[in-house]
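First the structure, in the form of structure tokens, and then the observations on it.
In each ligand, atom 1 is the first atom listed, and ligand 1 is the first ligand listed. Counting from 1, the numbers follow the sequence of the chain as shown.
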Amino acid sequence: MEPAIKYRLIKTEKDTGARLGELITPHGTFPTPMFMPVGTQATVKSLAPEELDEMGAGVILANTYHLWLQPGEDLVKEAGGLHRFMNWQKPILTDSGGFQVFSLAENRNITEEGVHFKNPANGDRMFLSPEKAMQIENDLGPDIMMSLDECPPFFESYDYIKHSVERTSRWAERGLKAHANPDWQGLFGIVQGAGYEDLRRQSAHDLVSMDFPGYSIGGLSVGESKAEMNRVLDFTAPMLPTNKPRYLMGVGSPDSLIDGVMRGIDMFDCVLPTRIARRGTCMTSHGRLTVKNAKYARDFSPIDDQCDCYTCRNYTRAYIRHLFKADESFGLRLTSYHNLYFLLHLMQKVREAIMADNLLDFRANFFEEYG
Ligand code: PRF
Ligand code: ZN
């Protein structure tokens with residue numbers, strides 16, 4: 001059987017571990033390294049699919065946990081799957097729900113079988129197992145799905161993390177067995193192990209022996225320092241096969257994206273650009289800008305003078321500040337558009353830098369301005 005998704009490595013940069021490649025999926029091919037906008041509830045908040053397409057988004061993310069609770073995976077399946085339900089015909093990736101259960105649900109209790117928790121909306125008892133996660137993701141119908149994992153706190157004890165990693169490996173194996181559509185949905189294994197090199201190695205070894213079509217690195221960007229995250233990536237990325245894609249989960253600040261790419265990461269996602277946009281904070285080539293500040297009241301220049309996105313070509317800081325002050329939703333649409341465009345184009349420039357073997361120079365120049 002042909003795998004549902006295939007990674008093609010085009011080149012590895014000379015001076016860093018950065019990889020240029022592409023991921024071929026049933027809904028098309030996207031170049032890597034890639035940043036994936038987050039559409040938790042089957043929508044990237046405030047933006048239309050046509051807008052995401054036009055700004056160069058190659059793949060978007062949705063969440064098993066949220067769509068299971070509302071509107072229910074059976075309804076999405078009845079609609080013809082996520083692509084048809086939300087009118088997005090390019091690749092979709094779903095997270096398995098474990099991470100969201102741990103961070104959002106009340107009274108959660110993790111056992112060997114799975115996770116018991118209360119639905120925060122109505123108090124119903126719920127149970128998420130590796131098999132249940134597969135059934136939901138099979139019904140939702142994304143191109144790429146995630147195994148159910150446990151994302152423990154970074155600074156847990158060695159003993160706790162060891163047991164957690166071993167359970168996450170058993171869950172990955174159970175998920176692999178339960179996955180009904182390996183011919184058209186690619187399932188990733190998620191490497192855990194917090195900051196312990198030998199546990200990351202054990203996790204990677206277990207998952208690689210199960211031969212997933214791709215691997216995620218989880219358990220990072222959960223409160224540890226950036227130096228600590230880079231230290232873990234330095235030893236974890238080389239544990240993964242070079243002919244499969246590598247996805248660093250939940251990372252989306254410009255510096256962490258570049259740091260991840262230099263260590264051989266191919267895919268990233270994060271709510272950061274859209275979340276801060278809704279509060280009026282923009283990523284610009286000169287660093288972050290909070291457009292609500294009084295100093296922009298009469299500033300008729302664009303958010304970012306280096307940016308040629310729809311927002312920056314057509315609207316001023318003063319106007320967008322006014323929209324935020326007046327609580328008009330068009331304001332957060334404009335900042336959301338800009339922030340996603342900013343990260344997608346940063347990654348485009350990163351890919352060009354890898355092609356030209358000058359990622360280190362690019363990085364130095366970028367941070368001279370970004371600060
Ligand atoms: N596991 C899963 N989803 C995630 C994470 C994880 O460890 C993270 C950690 N940054 C974000 N999203 N399944
Ligand atoms: Zn812009």
Taking all atoms of both residues into account, what is the closest heavy-atom pair of Phe102 and Arg108, and its distance?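 Between these two residues, the closest heavy atoms are O-NE, 2.8 Å.
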What pair of heavy atoms forms the shortest contact from Ala133 to Ser96, and how long is it?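 Closest heavy-atom pair between Ala133 and Ser96: CB-O, 3.9 Å.
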Can the ring centres of Tyr315 and Tyr310 be said to be less than 6.0 Å apart?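 They qualify: ring centres under 6.0 Å apart.
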Aromatic plane relationship, [Y] with [X] - under 30° parallel, 30 to 60° tilted, over 60° perpendicular:
X: Tyr319; Y: His322; answer: tilted
X: His27; Y: His83; answer: parallel
X: Phe212; Y: Tyr215; answer: perpendicular
X: Phe117; Y: Trp68; answer: perpendicular

Verify, without hydrogens or angle tests, whether Arg174 (side chain) and Glu113 (backbone) share a donor-acceptor contact under 3.5 angstrom.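 Present.
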What's within reach of the Zn ion (ligand 2), meaning protein N/O/S atoms under 2.8 Å?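 The answer is Cys307 SG, Cys309 SG, Cys312 SG, His338 ND1.
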Inspect the surroundings of CD in Gln41 and state if more than 12 heavy atoms from other residues, nucleotides or ligands are less than 6.0 Å away.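 Yes.
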Between ligand 1 and the protein, which N/O pairs are shorter than 3.5 Å?
unit_1	atom_1	unit_2	atom_2	d
ligand 1	1 (N)	Asp149	OD2	2.7
ligand 1	3 (N)	Asp95	OD1	3.4
ligand 1	3 (N)	Asp95	OD2	2.6
ligand 1	7 (O)	Gln192	NE2	3.0
ligand 1	7 (O)	Gly219	N	2.8
ligand 1	10 (N)	Leu220	O	2.5
ligand 1	10 (N)	Met249	O	2.9
ligand 1	13 (N)	Asp95	OD1	2.9
ligand 1	13 (N)	Asp149	OD1	2.8
ligand 1	13 (N)	Asp149	OD2	3.4

